[in-house]
Structures are given as structure tokens and as C-alpha cells.
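Step one of this worksheet: look at the structure below.
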Amino acid sequence: MNDANTNARPETHPDARQDIRHDFKQAEPRWQAEWERRGCFAVPDVPDGSQPKYYVLEMFPYPSGKIHMGHVRNYTLGDVVARYKRARGHLVMHPMGWDAFGLPAENAARERGIHPGKWTYDNIAAMRAELKRMGLSLDWAREFATCDVEYYGRQQKLFLDFLKAGLVERKESWVNWDPVDGTVLANEQVIDGRGWRSGALVEKKQLSQWFFAITKYAPDLLEALGSLDRWPDRVKTMQANWIGRSEGARVRFKLTEPVGDLAEAPAPGIHEVEVFTTRPDTLFGMSFLAVAAEHPLAAAAAARDAKAAGFVAECRRMGTSEATIEQAEKRGYDTGFRVAHPFIEGASFPVWIANFVLMEYGTGAIFGCPGHDERDLEFARQYGLGVVPVVLPPGADAASFAIGDTAYTDDGTIINSGFLNGLPTGPAKRAAIEALEARGIGTGVVNWRLRDWGVSRQRYWGCPIPVIHCEACGVQPVPAGQLPVKLPEDVDFSRPGNPLDHHPTWKHVDCPACGKPARRETDTFDTFVDSSWYFARFCSPHAEEPVTRAAVDAWLPVDQYIGGIEHAILHLLYSRFFTRAMRDTGHVSAGEPFAGLFTQGMVTHESYKAPDGTWLYPEEIERQPDGGAVLRGTSQPVTVGRVEAMSKSKRNTVDPGSIIDRYGADTARWFILSDNPPERDMEWTESGVAGAYRFTQRLFRLTAAALPGLPPPGADAGAAEGAARKLRQATHHTIAAITEALESFAFNVGVARIHEFANAIAEAEGATDPGIGAARREALEAIARLASPMMPHLAEELWSLLRPGETALVAELPWLEANPALLRAETLTLAVQVLGKLRGTIEVPVDADAATIFAQAEAEENVQRAIAGRPIRKRIHVPGRVVNFVV
RNA sequence: GCCCGCCUGGCGGAAUGGUAGACGCAGCGGACUUAAAAUCCGCAGUCCGCAAGGGCAUGGGGGUUCGAAUCCCCCGGCGGGCACCA
């Protein structure tokens with residue numbers, strides 16, 4: 001500070017402080033460049049083992065063109081973990097890449113004539129630039145996109161290894177078919193049963209497709225959930241339900257008349273129908289048998305009965321989505337076939353085709369027991385089928401018990417069931433299975449809901465499936481030497497369907513076995529395949545092989561994976577499968593990909609509607625003091641709608657780029673962390689961001705204002721009295737509190753503790769107690785370092801002010817440790833209750849014994865009034881918490 | 001329809017069996033300023049009361065407990081997933 005300045009503006013001038021402002025616009029790029037220059041976040045493929053490793057990964061983004069607030073939230077959460085773990089002495093790998101294959105690129109090609117590749121790589125460039133402005137501690141040298149041939153070529157290699165290991169199968173399966181466009185549709189492209197472009201009624205069509213044999217791992221995928229102790233319970237529950245292990249029986253029902261000689265049935269000579277049931281104990285409650293529309297018996301019925309054929313065709317128009325099928329009104333058609341009851345001599349029941357029976361589950365056929373299954377009851381009521389109660393609820397009367405509007409699906413005692421009568425549900429199941437096995441018409445089985453993973457997609461912008469179809473030799477894998485199978489660049493999107501299929505030359509190749517002309521597979525992989533092993537590729541992103549064994553064995557599993565709850569089932573389950581398949585084909589040692597999982601909530605915002613019903617962007621409106629809103633610059637009223645997930649269609653989006661322009665990355669990060677717990681949906685508000693910005697400035701001001709009066713670094717902060725000691729206690733309490741908050745993902749609580757700490761520092765601003773200078777320096781240095789995982793740029797800025805001579809960056813410093821001596825208080829406040837109601841508080845020494853505490857509590861005037869002379873029956877003391885008198 | 005969650009002041013939330021509402025946002029009052037912005041200080045769940053204090057209160061209803069936002073049961077609302085969106 002020079003003399004001229006001292007003259008010009010005395011320090012008493014109240015404006016002096018407000019002029020001290022943190023210039024994030026120049027500071028943030030400066031620190032980003034410095035981290036980059038020093039290589040702070042680069043790690044080797046194969047570490048030397050001197051430090052414990054920690055692999056932090058956020059779900060990689062789809063390159064839609066712009067980052068959105070969901071990305072900002074996701075990557076901020078991951079970055080806090082990465083920076084914290086680094087400070088705790090871990091070697092942290094924190095990579096970033098692009099989930100770059102998928103439908104939107106093809107849509108862009110069809111709508112705007114841009115090549116999917118160009119569209120994708122342009123988007124990646126734009127989004128990379130935006131991400132870099134967030135100041136994430138990423139090792140960018142590991143970046144790749146799944147549409148890079150260097151990636152998907154290795155994926156083809158993995159596929160061939162899986163094929164060789166018997167983990168790949170070819171089977172028939174159903175797809176949504178648009179008969180007008182002649183195109184396979186994704187579920188999201190089917191709107192109210194019609195194709196989104198053509199409007200044609202969608203049909204189900206059977207295609208021969210590639211499947212990964214995920215069901216081979218079903219028992220292991222289920223059991224191993226138990227070892228994932230750092231996964232949320234709800235995700236594990238959802239996966240367990242999805243895998244869906246159930247114990248039951250397969251029962252073969254004899255047709256009373258064999259089907260097949262009746263007409264030219266496609267499945268002649270059918271004598272029986274096999275059913276899977278989890279409730280063999282309710283077999284005596286049967287009133288019908290129902291098969292799926294895709295079941296061979298339905299086909300047999302359709303072949304001889306035009307009405308049955310009509311019903312099957314109708315079911316075929318329902319699309320393939322399970323949600324659609326299960327929500328549809330229960331409908332059926334009586335085929336006229338009948339089956340004999342396995343236990344009741346001479347009894348037979350009708351066979352229906354029903355739209356709620358799923359071909360993919362069990363055997364595609366069920367026996368209907370309306371008394372004890374909701375769907376069966378609804379169906380029976382609709383078609384006037386019998387309802388026989390066979391399970392008596394505990395305490396119910398057998399003579400009067402009847403089924404009304406709801407089926408009884410819980411356990412009870414078996415009635416109306418011949419040899420099963422009187423048995424409880426569990427033993428009755430076992431007895432029924434024994435009887436079925438004794439008669440040779442059924443067997444106890446374990447059934448899984450999980451189906452094999454169909455990976456064939458009839459699309460261009462995906463990884464080509466590396467096989468060749470030869471008329472003479474059948475399916476032939478592409479020889480390893482001919483990999484990668486590259487996507488052709490010159491493709492035509494002017495007509496519907498798969499451009500690979502229409503390509504004039506691409507698919508015409510010679511059979512690798514016999515050399516004769518053959519046809520290349522034109523299906524590409526489901527994009528879930530791409531995202532099922534990217535976390536492994538990040539460990540050695542430039543390797544010749546899919547992965548380098550030493551690298552994946554050093555880094556996997558991912559220690560902390562972070563992403564949206566919407567991936568709780570499919571993506572995570574497919575990745576778990578892939579890791580096992582890679583292990584069993586010798587690529588990795590790990591069996592589980594993600595040791596720790598955190599699922600974040602969505603980012604939401606108010607939505608706004610103009611009087612004409614069109615959605616408005618937040619920047620188009622202006623809030624009024626009365627809580628209403630108007631169109632910016634006018635007095636035209638705007639309807640403030642619900643707070644919901646940010647989406648382009650509702651226009652309730654906020655562009656992260658413009659937030660960083662106006663407030664800086666630290667503010668965006670701070671707000672997104674402060675608003676609420678990260679697993680919950682958060683609401684983005686303008687005032688919340690502004691508040692976060694004010695806090696960054698306040699922190700800067702607190703430091704800058706204190707700077708001239710601080711003792712040099714390293715001054716002894718030991719002997720402190722009065723306000724100085726109080727500040728030191730606050731410092732060390734905060735170190736402990738932030739550490740705990742970061743360990744437990746309670747980042748919003750961490751932010752609150754930093755706020756409290758800043759308040760404590762501000763409170764001590766005028767203090768002059770012995771040791772205050774050193775205490776103040778300790779506090780300011782601590783707050784910068786404790787906030788650094790959350791606002792890393794400001795932390796570096798503050799640290800450089802506090803330690804001008806220092807060479808180390810905050811990003812390179814170890815985490816702070818709390819001094820236990822400063823964590824202990826001398827006295828504590830106890831709540832005093834009478835009959836569980838708070839009647840006062842008492843201040844006691846930390847080491848006071850129960851008798852003293854009770855005496856002091858009882859002496860309280862308000863406590864006496866509440867006791868009102870009644871005898872005390874019980875005295876409860878919860879140390880450090882509460883005293884309760886029961887009178 | 002099925003599976004999985006969530007619900008606390010005007011708002012986001014804290015408290016995971018022990019003082020409900022920490023911290024922040026918005027609000028109100030004050031200081032500073034010609035003024036505004038910024039900043040700083042203070043108030044604040046709600047009802048009754050001058051106050052001391054008391055009643056009510058964690059989506060609704062019931063239960064367990066000396067004590068429940070927290071554990072259990074029922075109901076309601078909102079959200080995620082349902083296998084070809086990513």
C-alpha cells in the first residue's frame with residue numbers, strides 16, 4: 001500500500017470494503033490454466049502403488065449439443081468427491097467422455113440433413129468447452145467418445161470374445177414395426193399406439209436378433225447385490241425385483257382334445273400347455289387357463305378360427321412396451337380348447353387368449369385363480385368366469401368367506417382343495433409340487449423375471465455387430481484381423497429405414513469361411529452396450545486391446561459412481577453383466593464395476609405460460625412483487641406453472657453457460673450444492689444463485705479486509721483467550737463438520753457449516769483478545785481450504801492472498817485435521833422434559849453426574865410448575881441430550 | 001397396472017428415537033447513502049396472552065414408546081423405472 005493511497009482515502013471510509021471484489025472472470029480461467037499446466041489431475045494408467053487409488057466417475061453425457069443443469073449438478077458432485085479424496089491422499093482418477101451413439105443424431109440427419117458424425121463431434125466440441133469452464137478436476141487425456149472407431153472397434157472385439165464364450169445367442173423377438181415407413185420403432189417413437197412420423201398403427205413384428213445371455217448370471221447378479229454395501233438400498237431393491245427370482249412350479253395341463261388334427265395348425269400335435277405359477281397351492285381355485293397372444297396355442301386357435309385370429313392381430317397392435325400392455329383393459333378370447341385339471345378327476349377348464357399374459361415371462365401361459373390374484377379376478381369378472389376361494393385369511397370363517405372386489409393374495413389356510421385342505425400356504429405349495437411331481441405332470445422350479453438382453457438395433461448410428469451371414473456357412477464372426485468393422489460415411493437418410501441396409505456396397509462382403517458372396521450384419525448395438533464398459537476403457541483409453549489388464553486391475557472397481565436414479569436398473573445391471581462377462585473372457589479381474597453408487601435428483605424449475613398457451617423461457621418473463629409474473633418489458637400477465645424437471649418442451653431450462661458468464665463457475669457450483677440434499681430433486685431459482693454469488697463475494701471480502709492485520713503464516717495459534725479461543729473452537733468444529741458432511745454426501749449441510757463459520761469469523765472481526773491474529777489467520781486459511789472442493793477457484797484466490805510466497809496450490813494441499821482439544825466444550829445445554837414435553841433447559845458441566853443433573857433439572861422453576869407436586873415415577877437421562885421426568 | 005422412492009415455516013431444507021425449523025432464499029424493520037444498488041445490524045412457524053407462559057404444528061388417519069419428522073399399519077398427493085430415449 002503506498003502513501004498516496006493512504007492520503008487519498010482514509011481507512012475509515014465505509015466504501016473502502018465494498019470496492020474489494022473478487023473478479024471471477026479473470027480468476028477462474030487463470031486457475032484452470034494453472035491446474036492444467038501443473039498436471040494436477042493427471043494420473044498414470046498403472047499407478048506405482050505408493051498411494052491408495054480412488055476412481056471417481058460420473059455418468060458420461062450424451063452429446064446433445066449443450067450442457068444442462070443436470071450435468072452441472074452431476075459433475076459438481078463428482079468433482080467435490082474427487083477434490084476431497086485427492087486432499088485425503090488418494091491417487092484420484094476422474095475421467096470424462098461421451099456416450100455418443102444414439103437416435104438423436106439420426107433424427108438430426110433426417111430433419112436437417114447433417115451427417116450424424118459431424119453433428120455429434122460438433123456437439124462434443126461445444127460441450128467440452130462448456131465443461132472446461134466449470135473448473136472440474138478431470139484428467140482430460142483420457143477422453144474418448146463411444147462413436148470413435150478406436151472405441152467401438154474394441155467393443156466388437158469384446159463381442160467376438162463373448163460369442164466364443166457362449167455368452168451371445170441369436171433368437172427371435174418382437175419389435176415395434178411401422179408398416180408405412182417400414183421401420184422398427186423405439187418405444188418412445190410409439191405414441192398412443194401409432195408411429196411418431198407416419199401416424200400409422202404400430203404392429204409387433206418378429207425379427208431374428210442378437211442377445212447377450214445375461215440370464216446366465218441371474219443368480220450371481222442377485223446374490224452379489226448383498227456385497228454392494230455402498231449402493232443405495234432402493235437401487236438394490238429395484239434390481240432384485242427386476243431380476244425377479246421366484247420359486248414355483250411348472251405344470252403341464254393336458255388338452256382334453258389334442259390340437260393339430262383340427263386344421264392346418266402351425267404347431268400341430270399340441271397335447272398340453274405348460275404353465276408357470278408361484279401359487280401351486282391355489283390350483284384348486286382355477287377357473288380358466290390363459291395364454292399370451294404370441295403363444296403357439298394362440299396361433300393354433302387363430303389358424304382354425306377367424307375371430308381368434310382377429311383377437312391375436314389386435315393384441316399385436318398393442319406395441320411391445322410392458323407398461324402399455326399392463327395398463328390396457330383386460331381382454332381375452334375363449335379359444336374353445338379345454339384343459340384337464342391336474343388334480344380334479346374329470347374337471348376341465350376353458351383356454352383363453354388374454355392380452356395381459358406376457359410371452360416373455362414364465363412359459364407365456366398362466367392358470368387363472370381369480371380368488372387370489374388381482375388380474376385374474378378382474379378378467380374373471382369381465383367374462384363371467386368362476387371365482388372359488390381356496391385360501392382362508394387368518395381369523396376368517398370358512399363357511400361365510402367370499403371374494404368380493406379384491407382378491408385375497410396373502411397367506412392363509414387352504415380350503416376347498418381336496419388333499420391340500422387345512423394346510424398353511426407355504427406347506428401347501430410344497431405338497432402341491434410333490435403331488436405334481438408324483439404324477440409326472442409338473443415340477444418345482446425357480447423362475448427368473450430377467451430376460452436375455454436383446455442388443456440388435458436396426459439403425460445406422462451405432463456400433464456395427466461384427467458378423468457375416470453366409471447362405472452356405474451360416475453366421476460367421478468377422479475375423480479378428482478384419483476388425484474394426486467401420487461405419488460407412490456415405491449414407492442416405494432421405495428414406496426411412498436403416499441406411500446400412502440400403503447402402504449400395506457396404507453389406508456385400510465375402511464369407512470369411514468359404515469365400516463366397518455373403519451379407520454383412522446391418523444391425524448395430526443397443527447404445528447401452530457402449531455404456532456398459534466405458535468405465536473400464538477409461539483406465540487405458542489408448543490401448544490396442546479393449547483394456548490393459550494391469551490398468552483395469554489397478555483401477556477397477558469405480559470407487560464412487562454418480563448419476564441419475566433413472567439408470568437404477570438397466571444401465572447399472574448391464575454394466576454389472578458386462579464386467580462379469582469381461583472377467584470370464586479374461587479382460588478384467590473385478591466382478592463388480594461400481595463399489596460405491598450415488599444417485600442424484602433432477603434439477604427442476606418453475607414453468608411459465610403465455611396467455612396464448614405457449615411455454616416461455618425464464619429469461620422471457622419478469623417476476624412481480626406480488627408473486628405474479630409478466631412478459632418481460634410489458635404488463636402482459638404470465639401464468640406461473642408447476643415446478644418440474646427442466647425440459648426443452650416446457651422451456652423451463654436455464655443455460656449453464658450464461659450462469660457462468662454472469663456469476664462464475666464457483667457460484668454455480670456453490671448454489672447447486674447448497675440448495676438441498678443431492679439425492680433429491682432441486683429447484684433452480686434466480687434468487688438462490690444471486691445469494692450464492694453474494695456469499696462468494698463475502699468470503700473474498702472477509703479475507704481481503706483482514707489481510708493487512710494478519711500475522712505472518714505459521715504464527716503460533718496455541719494460546720488464545722476469549723474471542724480468539726472461541727474462533728479457534730469454531731475453526732476446528734467446522735473442520736470436523738465439513739469432513740463428516742463430505743464423507744456422507746451431505747453437501748448442503750457442508751455449505752451451511754461454511755456459512756456458520758463465515759458468520760463466526762465476521763463476529764470476531766472487532767475482537768482484540770490475545771492470540772486473535774493467529775486465530776484469525778487460522779480461520780481464514782481453513783475456510784478457504786474447507787470450501788475448496790466446492791468452490792475451487794475462489795479457494796486458490798484466497799490462498800494466494802493469504803500465502804503470497806507459497807508455491808503449492810490448494811488443489812495440492814492435504815486435507816485439514818481437527819484438533820480434538822478444541823472440539824470439547826466445557827459445559828453443555830440439556831433439555832428438560834416432563835412427560836416428554838419440553839419445560840426448560842439447564843446448563844451443566846460436561847462431566848456432571850446423573851444425580852447432580854436430575855437435582856438441577858428438578859429445581860428449575862418451570863419444571864416444578866409442570867410437575868405440579870405430582871410424585872416422580874421415573875427419571876430418564878440421555879447423556880448430552882435430554883432429561884425427562886415421568887410423573 | 002406392477003416395482004422403487006419422496007412429502008417438515010412463504011420457499012429450499014436441518015434434525016434418522018431425545019430442545020422441530022440450523023443454514024440459506026424471499027419478507028419486514030433499522031444503519032449507511034442526495035438517492036438507488038451493494039454492505040452491515042435486528043425480527044420472524046402459527047394461535048392465545050401486556051408479559052411470564054401456554055396451546056397447536058413435520059401430507060391425512062391410527063399404533064408402538066417416558067419421548068416419534070424419525071419405527072409400524074392404512075389412506076392421499078407427487079416423482080423415477082417398466083427391457084428399442086439416454
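Letters A, B, ... mirror the listed sequences (proteins, then strands); counts begin at 1. Please read these numbers as outputs of a predicted model, since none were measured by experiment.
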If I pick the C1' atom on B/U19 and the same atom on B/A26, what distance separates them, to the nearest angstrom? 27 Å
Distance, P atom - from B/C11 to B/G60, rounded to whole angstrom: 14 Å
So, are A/D373 and A/R279 salt-bridged, with charged N and O less than 4.0 Å apart? no
What heavy-atom pair brings A/C147 and A/T120 nearest, and what distance separates the two atoms? SG-CG2, 4.0 Å
Qualifying side chain to side chain donor-acceptor pair (under 3.5 Å) pairs, either residue in residues 746-757 of chain A, two or more places apart: A/R753-A/E756
So that I can compare with my own list, what are the stems of RNA chain B, taken as at least three consecutive Watson-Crick or G-U pairs with distances under 3.5 Å? B:1-7 with B:76-82, B:10-12 with B:23-25, B:27-31 with B:39-43, B:45-48 with B:53-56, B:59-63 with B:71-75
Below 4.0 angstrom from OP1 or OP2 of B/A14, is there any side-chain N or O of A/N748? yes
Taking the P atom of each, how far is B/U64 from B/A69, in whole Å? 16 Å
Tightest non-hydrogen contact, residues A/W98 and A/P63, listed as CE3-CB, 4.2 Å
Which part of the nucleic acid, if any, lies within contact of A/R680, taking any heavy atom under 4.0 Å across all strands shown: a base, the sugar-phosphate backbone alone, or nothing? sugar-phosphate
Contact list (N/O, under 3.5 angstrom) for nucleotides 17-19 of chain B vs protein:
| residue | atom | partner | partner atom | Å |
| --- | --- | --- | --- | --- |
| B/G18 | N2 | A/Q833 | OE1 | 3.2 |
| B/G18 | N2 | A/N884 | ND2 | 3.3 |

Using the C1' atoms only, state how far B/A14 lies from B/C25, rounded to an integer number of Å. 15 Å
Nearest whole angstrom, please: distance from the C1' of B/U39 to the CZ of A/R701. 6 Å
note: A/I872, atom CD1; B/C66, atom C1'; distance rounded to Å ~ 13 Å
Backbone of A/M791 reached by a side-chain donor or acceptor of A/R669 within 3.5 Å: no
Counting distance only, does the side-chain N/O of A/N355 pair as donor-acceptor with the main-chain N or O of A/C315 below 3.5 Å? no
B/G63 versus B/A68 - spacing of their P atoms, nearest Å: 12 Å
Can you list the residues that meet the side chain to side chain contact (heavy atoms under 4.5 Å, CB included) rule with A/A762, with sequence neighbours excluded? A/R698, A/L702
Please list all pairs meeting side chain to side chain donor-acceptor pair (under 3.5 Å) that have one or both residues in residues 686-697 of chain A, counting only residues at least two apart or in different chains. A/R662-A/E686, A/Y663-A/E686, A/Y693-A/Q697
Rounded distance in Å - CZ (A/R694) to C1' (B/C40): 13 Å
A/Q600 CD to B/C6 P, in whole Å, measures 17 Å
For A/E106, what residues pass the salt bridge (Lys or Arg N to Asp or Glu O under 4.0 Å) criterion, not counting sequence neighbours? A/R110
Under 3.5 Å, is there a donor-acceptor pair between the A/Q206 and A/E294 side chains? no
For A/E756 and A/K837, take the nucleotide of RNA chain B holding the closest heavy atom to each; which residue's nucleotide lies nearer the 5' end? A/E756
Sequence neighbours excluded, the answer for salt bridge (Lys or Arg N to Asp or Glu O under 4.0 Å) partners of A/R197 is A/E111
So, is A/R753 near the phosphate of B/A14, with a side-chain N or O under 4.0 Å from OP1 or OP2? no
When rounded to whole Å, the CG to P distance for the pair A/N676 and B/U8 reads 12 Å
Please confirm whether A/Y152 and A/F525 have ring centers closer than 6.0 angstrom. no
Set of salt bridge (Lys or Arg N to Asp or Glu O under 4.0 Å) partners for A/R449, sequence neighbours left out: A/E322
Could you state the atom-to-atom distance from CE of A/M791 to C1' of B/G24 in whole Å? 13 Å
Taken to the nearest whole Å, CD/A/E861 to C1'/B/G53 is 11 Å
Which atom pair, heavy atoms only, marks the closest approach of A/M238 to A/A568? CE-CB, 3.8 Å
A/F700 has an atom CZ; how far is it from atom P of B/U39, in whole Å? 15 Å
Atom C1', compared across B/C84 and B/C75: separation rounded to whole Å: 38 Å
Over 12 foreign heavy atoms within 6.0 Å of NZ, A/K236: yes
Using a 4.0 Å cut-off on protein heavy atoms (strictly under), produce a 5'-to-3' string for nucleotides 44-49 of chain B with B for base contact, S for backbone-only sugar-phosphate contact, and - for none. ------
Glycosidic conformation of B/G77, taking syn as within 90° of 0 and anti otherwise: anti
Has A/K330 got its NZ or CZ under 6.0 Å from the middle of the six-membered ring of A/F379, at an angle within 45 degrees of the ring axis? no
A/R698 or A/S687: which one's nearest nucleotide on RNA chain B is closer to the 5' end? A/S687
For atom C1', what is the distance between B/U58 and B/G53, given to the nearest Å? 24 Å
Taking atom P in both B/G9 and B/G59, what distance in whole Å separates the two? 7 Å
Which atom pairs, one a donor and one an acceptor, fall under 3.5 Å between side chains of residues 182-190 of chain A and the rest of the protein, sequence neighbours left out?
| residue | atom | partner | partner atom | Å |
| --- | --- | --- | --- | --- |
| A/T183 | OG1 | A/D181 | O | 3.1 |
| A/T183 | OG1 | A/G497 | N | 3.4 |
| A/N187 | OD1 | A/N176 | ND2 | 2.8 |
| A/N187 | OD1 | A/T320 | OG1 | 3.2 |
| A/Q189 | OE1 | A/A186 | N | 2.8 |

If you count heavy atoms of other groups shown closer than 6.0 angstrom to CD of A/E679, is the number above 12? yes
So if I define the base as every atom that isn't primed, P, OP1 or OP2, how would nucleotides 78-86 of chain B read as a B/S/- string at a heavy-atom cutoff under 4.0 Å? SSBSBBBSB
Can you pull every protein N or O that's under 3.5 Å from an N or O on nucleotides 68-75 of chain B?
none

